[in-house]
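Basis for what follows: all heavy atoms, side chains included, without hydrogens, waters or symmetry-related copies. The chains referred to below are lettered A, B, ... by the order of the sequence lines, with proteins before strands, and numbering in each begins at 1.
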Amino acid sequence: MTQPLMVLADANSFFASCERVFDPSLARKPVVVLSNNDGCVVARSAEAKRLGIKEGTPWFSIREEAQRTGVVARSSNYELYASLSARMMSVMSRFMPGQEIYSIDECFLSPSTDARQTVRVSTAMRKAVLEGVGIPVSIGIAPTKTLAKVANHWAKRHPASGGVSLWTDIEQQYGDAALAEIPVSDIWGVGRRLTKKLQAMGIVTALDLQRQDPVSIRHRFSITVERTVLELNGIPCIAGDASANDGKRKSEILCSRMFSTPITDMAHMDQALSVYAQKACRRLRRQSSLCSHVSAFCATSPFGPENSYQSFHGTTTLHDPSDDPLIIAKAACQALHGRADPHARYIRAGVLLLGLQDANDFTTLHGFEAKRDTHNLGAIIDQANQKFGSSRVGIGYGGIRGKGRGDEDTGATWTMRREMLSGRCTTRWDEMAVAHAD
DNA sequence: TCTGGGGTCCTAGGACCC
DNA sequence: TCTGGGGTCCTAGGACCC
């Protein structure tokens, strides 16, 4: 019996590739996609990477230079990306069993075939996604998830691989040199902090990390890093995430945003918190959960003068678990009252729902039932927004819609900026792509 | 002038119980 | 007034991911 394999399929420059699907004029051009508020670069096409544009770069700091060199920028269009992601995942799920959707643009699959056959199926799968959805993906195949990640990066960096890499082939061909050329910071699970600590110990490459003693690594760091070491040695120990939340249900729900212009008084802060609470609450109901704690936080800019950064957070415990937008919005505002400095210049805030439990399983003594959304207010708001367009109806400021096209646009000055938004071609009739035949 | 958003897992430490 | 050890549960905070 051969060792079971993991397959990792990951789209190339996913957001930028999505922008190209319905706008062929972007082909071969450097394309960048910006975060909310058109803040910083979150995705780059290969051409943009070649120009040296780094992920996370603030857009304002490179805008002039970028425009001079022909870079095309787009605001992030999550509705389009989510729709293309669903198509891509659906196509791939037909090729191999055990799909585990890890993020919007990547999934793990658990093939039951041997290595050669898995390579063949992966190649066919890649072709089907490219032709059927228009998105290029790269595929890494290895005995563990961490090595599948490594193989996937390999496929992306080496065009000769045809977009599909098998770890054992790489190992046979290059031996230790393959891991020796990968900086430890590129390994899945090794972030900025950990990189620093590892480097201080002389662990600089993936090969250095692979050769560590797992037990002493656990003592010095944590069980998470120990798993990474084992996985680099071909021992699978990162399980699927299906167990805890039956695949779909979140264990906490966060809605937070940066403001396009700062908020400097608590009345506006309450508006924002109420809007975010309602968004979070909609997701809570969609997964039919109740929450028992509502947290809220707000913060000033971390880029201001030295020592000027301020952040505040608080939590309200609900008397009874609830999914009622009135109760939750009120609790969110209450969580910050008396805690936040009312005169600071806030640039972001958020609402976090905690203590989530299944609404259908919730039972208690008579007289102590959950404070459900008894007037069905949440459901009615959801329906109205579905029928007439989002942000048409809501509690307090959440129902006031401005002139902009964005769903987020409530007309308030603090809502986000998306000035370079492409069409939502796959989800809105009035924004469909138009083809011309000359 | 202008720097994202949504999530998970792990650990340490405190509260509480017997 | 003194006072042990072991367990569980919860929370806050850190670190990571894309």
I need the [atom1]-[atom2] distance between [X] and [N], as an integer number of Å.
X      : N      : atom1 : atom2 : value
A:Y78  : C:dC18 : OH    : C1'   : 10 Å
A:I187 : C:dC18 : CD1   : P     : 11 Å
A:W188 : C:dA15 : CH2   : C1'   : 15 Å
A:E100 : B:dT8  : CD    : P     : 13 Å
A:L354 : C:dG13 : CG    : C1'   : 13 Å
A:E106 : C:dC17 : CD    : C1'   : 9 Å
A:Q67  : B:dC2  : CD    : C1'   : 14 Å
A:E252 : C:dC10 : CD    : P     : 15 Å

Would you find a donor on one side and an acceptor on the other, under 3.5 Å apart, between the side chain of [X] and the backbone of [Y]?
X      : Y      : result
A:Q310 : A:Y346 : no
A:R44  : A:R50  : no
A:E100 : A:F108 : no

Just compare [options] and give me whichever is closest to any side-chain atom of [X].
X      : options               : result
A:R345 : C:dC18, C:dT11, B:dC2 : B:dC2
A:R193 : C:dC17, B:dG5, C:dC16 : C:dC16
A:S35  : B:dG4, B:dC10, C:dC18 : B:dG4
A:H293 : B:dT11, B:dG6, C:dT11 : C:dT11
A:H313 : B:dG6, C:dG13, B:dT3  : C:dG13
A:L194 : B:dT8, B:dT3, C:dC16  : C:dC16
A:M258 : B:dT3, C:dA15, B:dC2  : B:dT3
A:R348 : B:dG6, B:dG5, C:dC18  : B:dG5

Tell me the stems DNA chain C sits in, counting at least three consecutive Watson-Crick or G-U wobble pairs, each under 3.5 Å on both distances. B:5-18 with C:5-18
Residues [X] and [Y]: side-chain donor-acceptor under 3.5 angstrom:
X      : Y      : value
A:H153 : A:D10  : no
A:S138 : A:N152 : no
A:S83  : A:E79  : no
A:T144 : A:T146 : no
A:S103 : A:E106 : yes
A:H293 : A:T317 : yes

Between A:S76 and B:dG4, is there a contact of a side-chain N or O with OP1 or OP2 at under 4.0 Å? no
Return no unless some side-chain N or O of A:S256 is found under 4.0 Å from OP1 or OP2 of B:dG6. yes
The residue, A:R218 or A:W59, whose nearest nucleotide of DNA chain B is more 5′ is A:W59
Toward the 5' end of DNA chain B, by each residue's nearest nucleotide, A:F221 or A:F15: A:F15
Of all residues at least two apart in sequence or in a different chain, which pass the ring-ring contact (aromatic ring centres under 6.0 Å, His included) check with A:Y78? A:F15, A:Y81
With a non-hydrogen cut-off below 4.0 angstrom, is [X] in contact with a base, only sugar-phosphate, or nothing?
X      : result
A:D105 : sugar-phosphate
A:I347 : nothing
A:K149 : sugar-phosphate

Closest non-hydrogen atom pair, A:F312 against A:A340: CG-CA, 3.7 Å
Under a 4.0 Å heavy-atom cut-off, which of residues 223-237 of chain A touch DNA chain C? none
